[in-house]
Each structure stands twice: as C-alpha cells, then as structure tokens.
A.B. asks: 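Pasting in a structure now, in structure tokens, and then I'll have a few things to ask.
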Number of protein chains: 2
Amino acid sequence: MLCVQQRERWSPWGGGGEGHSVPVNFLEVEGNQGLVAAVFGILFSSLCMLVLDKDPLPLIASSSQHNRGNAISRGPYWKIMALLYYPAFYYPLIACAMSRHQAGYFIGCLLSWCHCVVCIWQKVDCPQSPKIYRYYSLLSDVPLILCLVVLSIWYPVLLVNSFTQEKAAAKEVMCCSFFRIHLGMALLKGSWGKPLCPHYVPFLWFQVPLKLVISVTTAVIAVYQVALLLLVAFIPNIQIVRAGMTKEITVLLVQFGVIPSENAGGVPGDMEKELATVKHYLWSLEVCYICSLVLSCLLTFSMLLRSLVVHRANLKALYRGAVLDVFCHARVLRPSQQALVCWMSFASFQTAFTCFGLLIQQVIFFICTVAFTFLVVIPLHTNWNLPLPCLLPLARPFWLTLVLAVVVQNLLAHFYFLEKRQLQKELTNRRALCVVSYLLFPMNVLVGVLAAGWRMVISALYNVVHFCQLDISLLNRGIEAFDPGYRTYCHYLKLEVSQSHPVMKAFCCLLLQLPSPEGQPGLKPTDVEEGEILLLPSLPRKGLMRASKSKQTRTRWWLAYTLLNNPSLLAYRKAVLSDPTANGTQPCSARP
Amino acid sequence: MLCVQQRERWSPWGGGGEGHSVPVNFLEVEGNQGLVAAVFGILFSSLCMLVLDKDPLPLIASSSQHNRGNAISRGPYWKIMALLYYPAFYYPLIACAMSRHQAGYFIGCLLSWCHCVVCIWQKVDCPQSPKIYRYYSLLSDVPLILCLVVLSIWYPVLLVNSFTQEKAAAKEVMCCSFFRIHLGMALLKGSWGKPLCPHYVPFLWFQVPLKLVISVTTAVIAVYQVALLLLVAFIPNIQIVRAGMTKEITVLLVQFGVIPSENAGGVPGDMEKELATVKHYLWSLEVCYICSLVLSCLLTFSMLLRSLVVHRANLKALYRGAVLDVFCHARVLRPSQQALVCWMSFASFQTAFTCFGLLIQQVIFFICTVAFTFLVVIPLHTNWNLPLPCLLPLARPFWLTLVLAVVVQNLLAHFYFLEKRQLQKELTNRRALCVVSYLLFPMNVLVGVLAAGWRMVISALYNVVHFCQLDISLLNRGIEAFDPGYRTYCHYLKLEVSQSHPVMKAFCCLLLQLPSPEGQPGLKPTDVEEGEILLLPSLPRKGLMRASKSKQTRTRWWLAYTLLNNPSLLAYRKAVLSDPTANGTQPCSARP
C-alpha cells in the first residue's frame, strides 16, 4: 500500500496507470531539468517585455493602430490576456519533451527551431526600437534567444538519443540508480561502519529539486533584465545631458550655489573651468551609478548562490529528520493547502523578490556612493569647503573623548574591576565600579547615540542585502512567519521534503526494478500493476504471493532496515499501515 | 569560603570590612532605588540642556562674554568638561543617601532643597529664553525640577525614619526578608508540593534590578525631551508661516503647480479661495505632525513597558538556569571584560536608543501620515486629481486579476489537489498541479512583487518600532551579536544574573541573620567577621566550630537543599569548593 502510494508519487514515467506518454508531469522529472528551466526562462523574458510594451499581444498590435484611444483604455485587459497567453503559447515547447516519444522530440525540434529562427530573424531585421534606448529591445531579448538556443540544441540531442534504444533505456533508469546508491550507502553505513545512529543518512550525491533550478534560472534572468533596465534608463540620458551642458546652464548652477566658483559674478565669458567642473561632476555621477549597479548585481548573485547552499543544507537536514535545525519550532512535514499554494508560487516569488531586492540595493548603494563621492572624495581632491570636512575638525575633540571613554572603561574593567581567582574571573572593587559607572553616564549616552546609528545602518544594510534571500526571515525570531518570503520558503520546503525524500524514492525504485528470480533484467513500467498487487495487504492474492515470496521478504527487509535508520520516515507509514496484519518481518522499532 | 565571597558581593551594607558608611556602592542598594533613579534623571536632564546650550558651564558663561570668538572655538572643550562636571556636581546628592547616617540624610535634605529652590527660583524669575521657542527652556526643565522635588521629599522622609531607630533597623533587614521568603518558598515547594524538579524555583516576588529602574527612568525622560524638542522646533514655526501666508506667495505656489486653482492666470486679486486652501494644507501638515508624534511616543512607551516584561521573563529564566530559553546558544554566566563594560553602559545605551528610535519613528510616521493625507484624504474630500486616485481605477483590473489568481490557487489546492486519506491530507492530481503551476507563473510573479513590497514595509516598520528595545536583535538568528544594542543587553544580563541570583542573596542574608542559639536577635553587621570564620574551611578554629555546631549544620542543610533545587548555582561553587575537606553533610548531588 505504501509502495503503491509512493510509486504513484515519484514514478519517473509520469505516474498512474495511463502509461508513460502523458506530457504534463514535467515539474517532477529529474532528467530534463535544463530544458524545463529554459522554457521558464523564455516565459519570464516574455513577461519582462510585457511590462513595458504597449502592444502586449502580437496579433492585437496592428488592429489597434487606427483606434489608439480605445486601445489605451483597453491596455490593462490586453496585458492580463497576455499573462495567460504567453504560458499557453510556449506550452508545446515543454510538453514535447515530456511525451518521451520520438514524435514528441521531433515536434519539439521543429518548434524550438521555428521559435529560435523567428526570434533571431526579427532582431537581425530590426535591431533598434524607439523604446527607452534604441538597443534596449535587442539587449533585453538576449536571455530569450539564449533559452531558445538551448532548446534548439536539447531537442535534437534527445531525438538522437531516442534512436539508440539502449541509451534511452539507460537514461530512463538513471534517476533510479542514484536513489539506489543512496539507499545502499544508508544501509551500509548502518550495518558496517557506525552504530545505528537514528538521525544519520549519508548523502553522497545531492540532487537539486527542479523547482529550485527554475527559480534560480528565472532569478538570474531577472537580475539581468532589471540591471539592463536600470542601466539604459539612466546612462544614455545623463550622457546626453553632459554633452549638451552649456555655459548658460553653468552660470545658473553657480548662481544657485550648486557649483563652487572663483568667478563670483558668474560672467558667461570665462566659465570654462566651471563648465569642466560640471561635466566632471556629471561624469562622477555616472561612475557612481555604474559602480553601485555592479555592486548590487554581484551581491545579488552571491546571495542567490548562498541561498542555494542554504537550500541544500536545509533539505539535507530535513531528510535526516532534523526539523528543529531548520525551523525554529517543530512542524509536521505534510501537504496542506497553504504549503501547496506556496509551492506553486515559490519560483515566482524568488524571481519577484530578486527584482525588488536589486532595485532597492541600487537605490541605497547609489545614494551611499554619491554621498561618499561628493562629501569625501571630491572635497578632498579640490579643497572645496563642503559641510562634512568642515565639521570634522570641530567635532574631533568629541570623537577623541568618546574613544577615550570607551578605552578607559575597557582598561579599568580588565585591570581593576576583574580579578582572576582559580581559573575564573571575579568582580572586585565594586564601589569604584559604581562610581565610574555614574561618572561616565553622560559619556556613555553619547557613545550610545553612535551605537544606535550603527544599529540602524547595519540592520538596514542587512535587510537590503538579504532581501532576495527567501530562506532568511527579515523579522525577529518568534514572528518569522509574518515575513511573506520566509513563509513561502518554509511551506515550499515542507512540501518538497514530504514529497521527495530520497530514501523513499530509492526504496520505490528498488521495488520497481528488483531483478526477479525468473532471470528477467528488471521490472518494466508495465509491471507496475504487479508491484501494486504485491504490496497491497488488503487483497489476499495467494497465488501471486507465493510466486514472489523471496522478493517480498527481501523487500520487507529493506524497508525495515531503511526505517530503522530513518525514523523520520515513520510518520508517513503510521496511517497507511494502521492495519497490524500488514507487518511482516519488521522489527519493533519500525512498527507504527 | 563561598559565603564570604557571596557576602562580600551582596551585603546590603556596602560590603567589605570598612563598615556601613561608605557612600559609593549605591548601584547595588535595593532600598533607595527611586532616589538613585531621580539623581540619574537629573543628570540626564542636565545632559539634554548641555547639547543645545552655548554656555555649557554655569561659571564660564559670564567670563566668555567679552571674547566671543575665542569662546566659540573652545566650545567643544567646555562641553566635554561639562560632561564630566555635571556628574561630579550632582554626586553629593546621591552620596548623602548612601552614607546611611543621620548626618548624611540631613546634608542631603539641605542640598536637595537648595538645588530645588535655586532651580525653581531661576525659572520663576525668568521663564522665557531666546532658545528655539521662548518656553522651551522652562518646559525642558520640568523633569529636572520633578526629580529635585522627589529628592527634596525623599531625604526628609529618610531623616525622619532614621530618628525612629526600630524603623530604620526594620528597613535595613527588609531586603533580606524578601530573599528569605524566596528561599523559604523554594524549599517548601521542593519538600512539599512538587517533586524535586531541578530547574524549578518559584518566584513569588520579583525585584527589578536598579540598573533597569535607572534605564527606564532616563528613557522616559529622553522620550519627553525629544518629543518636546521635536514639537517646539516645528509647530511654532509652521504656525508663524501659516499666519504670515499672503496672496503673493499663494500665486507663486499656484504657478508652480503645488496648489490646484480654477483661476489659471494667478491674479492676486481673487485668490481668497486658494489662500484658504494653502492655510488648510499647512494646518493639515501640523495635524499630521502632532498625530505622528503622539503615535511615536505611545509606541515608544509601550515598547519600553514590553521591554520591562521581557527583562523580567529573561531574568527569571536565567535564575532558573534556562540559558537556552533566553540566548540562542549556551553561554557561561560569568563576569568578563566585555560584560562589565556593557553593564556599565547599559542604562546609557537604553536612553540613547530611545532618543534615536523616537526620532526615526517620528520621521517615518510623519512621512506616512503626510502621504496618506495628501494622497488619499484630501483628494477624496476635494476631488482633486492627484496621481494615486487617478491610477487606482486604471490598475483595478490588475488587482482583481491578482486576487482572483490567488483565490483560484487556494480553491484548487483545497478541493482538487488535496484529498483526505485516513486523517491526513495527501497530494493528488499531480499533473494538473504542474500545469496550473506553469500557467500561473506570470501571475505569481506579479503577486510576488506585491509580497516583496509588503516584506520591505513590514521589516522596515518592525525595525523602526522595535528600535528602542535592546532585548530584541534587529538582525537575523546567527548574527544577532552584531547588533550593538542586543549585544549590550546580553552581556548586561550575564553580569546581572551572575551577581544577583536571588537564592544566593537569600542564602547570604540567612547566614548573616540567623538567630543564634544564645538568644540574640540576629547577626549584626559587625558579626560579619564571625560569619567569615565560621565558614572558612581552611582555618581549623575548633573552639568556634564547636560553639556553633547546630548553626553550622542547619546552614549546610539549607545550602544542600538550595543547591539541590537550583543546580545552576553549582557552577559558582566548583572552583571555590575544590578542596574536598570543605564538605560536611552535603549530599552527593551538591558536591562539586
């Protein structure tokens, strides 16, 4: 019964009795992760174009040319239509791969080539567009074209592989062999090397879930698209402003006091130097913008990488059953409505959070770099009297006093208020401590103001930098669940772990592919029916039971051993095996 | 040996052999918490005046009148001097109380009356000052005067009490009686009601540490001072601007498009209506400012109250020995240099963080209320076409679509993708799930953008609201220690708990005040010497030992019982009682 249920869940042939050509269960297939991720990349790239496009649907565009007013009022509706249209439009690309049939691969080849050729031809034919920046449309389509190229190569490879039948068969059982290695290692460790530590399952090889691959792919595309948009919206414009800067505008700026000038009257004739200064400032702004953008992108990428590492650690911990290592309090790893909805939207949320996080980072870092440049770097170079360098010498005695107060307190604490008694430090000179504590109270308030400033800066910076990481809650312990990102992540993990424990998968694969005693190479997908009957305790099929006695015994032994080493799996069995007659040779600890 | 050490630590007479008239150990006295807090309040009020004053020192002011230029350049140095001068200036006020002598109380009376009369007379004589707002100086001195009034009443009461000798004696042992009740309760619970649960000490009565009382007092004064400063810096000025608003300025504002006008030309003659609008807007700004200030103050007060509750819970947990309930990882509760420095600056940090937090809250809430007023409330009242209400109907289809997408996903998850099998839900229709997850990907990205916005808002709001709470880290689990506020709090707790465990205090009091078998009422402070000898195992004073045999046995029994119920105290004994000959009748569990 358990096995039937599990096989239905994780069978690599799409599950169920409908055979192995149902082109829909693509989110659970381990073989073609790259292909699925590429299609999601295409989908997200289309979505990005959609946001700025005035004609979201390709066929509606021409018809709405003559009644423009009506088209604008209907714009939102067309965009909503487009949100549903694009997934449907690219659906055949993904469905062809999941058919696992030569015909499907062939159609996939044709489709992907068509898409690719049309897209590249469009761009070659008309590389410039009036949108924002003339090459923006071309540059923003780069990920789309790349994903289409990946598909155009992937499909032919699949097709060629499908012609060599042996290879295809080998590929089909590949995913099972991984799990088998897993299970083997788990069992070996249990019987040989270590004592039967209940929370220990060694993982030689870790498989990233497909949903995660998709989310990282779309997040990387999101970073590219947002960075591109930020770049083309600012740099060309400021370059135009810099090129068009005249002496008249410089005079105005000097009169408003924005630019320092030795030429107090502001005569346009001899403003050469001031004009150069203005151009230099504009160039500095440009440099600041590009620096902050590069910094934001690098930080976002590194956070995405870190996110993957954390994902891996969390999944491993949850597979081991160490729920408290991942979540703050115990959770039941079971599918629920919330978990399901969060699982569905996980990749989208990761993408959206990456976009948003990059935008915030860019804004914050740009402000910081501009402030640093114009308050520190430029005044230092030009000896221009800006407020910060003027205030610094005035405030220097204060800084020195505060530093002195902190140093004095530390020295006193170390040498005067603490004494070492038999390996541990003890408080001494308590009266002096109290007097010092009273006398330094005003100093410490000023130190506290600095600490408060630092607290604000560090917490804001932390939140901005980690914004795109869903695996971290930006709120405090206890109210972590109010963070929508972290909540989604937790529920996603719950569902992912409850549906794809590798030992469970390995066990199911083993059951389905055990070499039968008659000398057959292994169970075929069509033997699923038999497997079901074998392990269905409620149906007493005596004849079949007798025929596969040794197989069944071995199976149960594997099961018992697995459960002994992975007690976290027991939870899945409790309800299923509530009937005590279902248990065969299982030891006591594995009983529900 | 243990007792000697502990007595030295917590003796209510200032500790040590110097007797009981050393006026310095005031930070550890439980009796006059209010008095000490009042003096700290006075000190902080002086500090507040200092920040804005140009003449920080009272005597320097007149002499620096004639050479103003020199005085300004020396301003910072005078201010630093003042930071040291004021604590010294008010030191006698606190020292008199701690002398525990009638003469001290008498001088305290005189001093506090002098200060109080001088201060009130100054304010009555000259209630207005040219600083910021004419009554600012008067209003900002209110906490100072209140604290002085508290002192002027407290000292006479102390003096009167000291004349009635019995009362004074009763007062002197008061703090001990509390601890004795404690210990009694702890022991009763152990022997009667419950089984000897090792981590259970019931606390009928909880004593707030003096440092906490000081920090809350100064924090409340800080809230008052910052709120007052914010109020008088903005409201009088904007009222002046509102009163002085003329039609000419209104015309300018209309021309810049700040104010809507039906009178497009901007003729000054018929600008009555626009002038009223401008005045109404300024009045709205005023209302927003006051509302946000009230909100910030209320929030800060409630957070300070919450902070006290958390302090109490944390201290109780640490007294119980439940370190992991308070800190994320195990910590040794021992004095260290860092802990000592943090303990010294805890009250100052709490005060500074409250100031800073209130400022940030005011800025954020003011922006929010102004945005709400001018984007929602006023346009709704006047039908003025501002961007937000214009954009809302345009975006309405989008909102509806997103809501619809979320609702559809939830409904599908509930009714279609989950099925109830034997008490728990199982995933079903996995193919449809994958298709829905793919088709709704673009929708979910848009939902994710909203969620990201919500994440930003909620995390910023959380950090702003909880800024003044030191007991909460604004950073994530794992890097909590980088938050300077939380770090200070943790170290403060460590030192506070290691130095003032109530059972330890109770035990010391019992030892010092046990009725001796000779019929004496109890140990007097001068009997400390004897107590030291009694429990010093390294000196074999046979005669004394024999004379107080029953007392010693009883003492050891109390000790054993206490330790049995509070294993967290064992850590303090390990090093001290390393000599095995020191142990008498102690049970095995209490041995080091």
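Throughout, protein chains are lettered first and strands after them, A, B, ... in sequence-line order, and every chain is numbered starting at 1.
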A.B. asks: With a 4.5 angstrom heavy-atom cut-off, which part of A:I458 approaches chain B: side chain, backbone, both or neither?
C.D. replies: both
A.B. asks: Which answer fits B:Q350, side chain, backbone, both or neither, if we ask what part of it has an atom under 4.5 Å from a heavy atom of chain A?
C.D. replies: neither
A.B. asks: In terms of heavy-atom pairs under 4.5 Å with chain B, which of A:A339, A:S46, A:A413 leads?
C.D. replies: A:A413
A.B. asks: Side chain, backbone, both or neither: which part of B:T401 has a non-hydrogen atom closer than 4.5 Å to chain A?
C.D. replies: side chain
A.B. asks: How would you list all residue pairs meeting side chain to side chain donor-acceptor pair (under 3.5 Å) that involve residues 446-461 of chain B, not counting sequence neighbours?
C.D. replies: A:D483-B:R455
A.B. asks: Go through A:A88, A:A460, A:G453 and name the one with the most non-hydrogen pairs under 4.5 angstrom from chain B.
C.D. replies: A:G453
A.B. asks: Return the orientation label for the A:Y438 and B:Y91 ring planes: parallel under 30°, perpendicular over 60°, tilted otherwise.
C.D. replies: tilted
A.B. asks: Going through the checks in order, is the side-chain contact (heavy atoms from CB on, under 4.5 Å) test met by B:L83 and A:L446?
C.D. replies: CA-CA 10 Å; B:L83 283 180; A:L446 296 183; 3.6 Å; yes
A.B. asks: Identify the heavy atoms of A:P335 and B:L418 that sit nearest to each other, and give their distance.
C.D. replies: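 Looking at all heavy atoms of both residues, the shortest contact is CB-CD2, 3.9 Å.
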A.B. asks: To the nearest 0.5 Å, tell me how far A:K211 NZ sits from B:S437 OG.
C.D. replies: 3.0 Å
A.B. asks: Are the side chains of A:C355 and B:V449 in touch, meaning some heavy atoms are under 4.5 Å apart?
C.D. replies: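 Counting from C-beta outward, A:C355 and B:V449 never come under 4.5 Å.
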A.B. asks: Any idea which of B:V447, B:V445, B:I360 has the most non-hydrogen atom pairs under 4.5 angstrom with chain A?
C.D. replies: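 Answer, by heavy-atom pair count under 4.5 Å with chain A: B:V445.
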A.B. asks: Please determine, among B:Q338, B:H466, B:K425, the option with the most heavy-atom pairs under 4.5 Å with chain A.
C.D. replies: B:K425
A.B. asks: Counting only heavy atoms closer than 4.5 Å, note whether A:F346 contacts chain B via side chain, backbone, both or neither.
C.D. replies: neither
A.B. asks: Quick one: of B:T488, B:L43, B:V406, who has the most non-hydrogen atom pairs under 4.5 Å with chain A?
C.D. replies: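 Looking at each of B:T488, B:L43, B:V406 in turn, B:L43 comes out on top.
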A.B. asks: Please evaluate residues A:M344 and B:L440 with respect to the criterion side-chain contact (heavy atoms from CB on, under 4.5 Å), reporting the C-alpha separation (whole Å), side-chain torsions for both, the decisive distance (0.1 Å), and the verdict.
C.D. replies: CA-CA 8 Å; A:M344 280 197 266; B:L440 288 180; 5.6 Å; no
A.B. asks: So, B:F482 versus A:Y462, ring centres under 6.0 angstrom or not?
C.D. replies: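 Between A:Y462 and B:F482, which both carry aromatic rings, the centre distance is not below 6.0 Å.
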A.B. asks: Is there a donor-acceptor pair closer than 3.5 Å between any side-chain N or O of B:N476 and the backbone N or O of A:S473?
C.D. replies: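 Indeed, once roles are kept as given, a pair shorter than 3.5 Å links the two residues.
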A.B. asks: Can you say whether B:L84 sits under 4.5 Å from chain A via the side chain, the backbone, both, or neither, judging by heavy atoms?
C.D. replies: side chain
A.B. asks: Check whether any side-chain heavy atom of B:Y77 lies under 4.5 Å from a side-chain heavy atom of A:P397, and answer yes or no.
C.D. replies: yes
A.B. asks: For chain A, find which of B:V464, B:L450, B:V39, B:L475 contributes the most heavy-atom pairs closer than 4.5 angstrom.
C.D. replies: B:L475
A.B. asks: Of all of B:F356, B:F441, B:Y486, which one pairs up most often with chain A through heavy atoms under 4.5 Å apart?
C.D. replies: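 Counting heavy-atom pairs under 4.5 Å, the top option is B:F441.
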A.B. asks: Shortest non-hydrogen contact from A:N444 to B:S348?
C.D. replies: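 Scanning both residues completely, I find the closest heavy atoms to be CB-OG, 3.0 Å.
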A.B. asks: Check B:P87 against A:L439 and note the closest heavy-atom contact, atom names and distance.
C.D. replies: CG-O, 3.5 Å
A.B. asks: Rounded to the nearest 0.5 Å, how far apart are CE of A:M456 and CG of B:L359?
C.D. replies: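 Here the rounded value is 10.0 Å.
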A.B. asks: Output the option from A:G448, A:A82, A:A452, A:S336 having the highest count of non-hydrogen pairs under 4.5 Å with chain B.
C.D. replies: A:A452
A.B. asks: Show me the pairs that pass salt bridge (Lys or Arg N to Asp or Glu O under 4.0 Å) and involve residues 437-447 of chain A, at least two apart or across chains.
C.D. replies: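 Those involving residues 437-447 of chain A do not exist here.
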A.B. asks: Report the distance from atom CG of A:L340 to atom CG of B:N410, rounding to the nearest 0.5 Å.
C.D. replies: 9.5 Å
A.B. asks: Output the option from A:F349, A:F353, A:F417 having the highest count of non-hydrogen pairs under 4.5 Å with chain B.
C.D. replies: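 Going by pairs under 4.5 Å, I would pick A:F353.
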A.B. asks: Checking heavy atoms, do the side chain of A:T218, its backbone, both or neither come under 4.5 Å from chain B?
C.D. replies: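 Side chain of A:T218 only, per the 4.5 Å heavy-atom cut-off to chain B.
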A.B. asks: Out of B:I479, B:L495, B:L50, return the one with the most heavy atom pairs under 4.5 angstrom to chain A.
C.D. replies: B:I479
A.B. asks: Give, as side chain, backbone, both or neither, the part of A:L47 having an atom under 4.5 angstrom from any heavy atom of chain B.
C.D. replies: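 The side chain, not the backbone.
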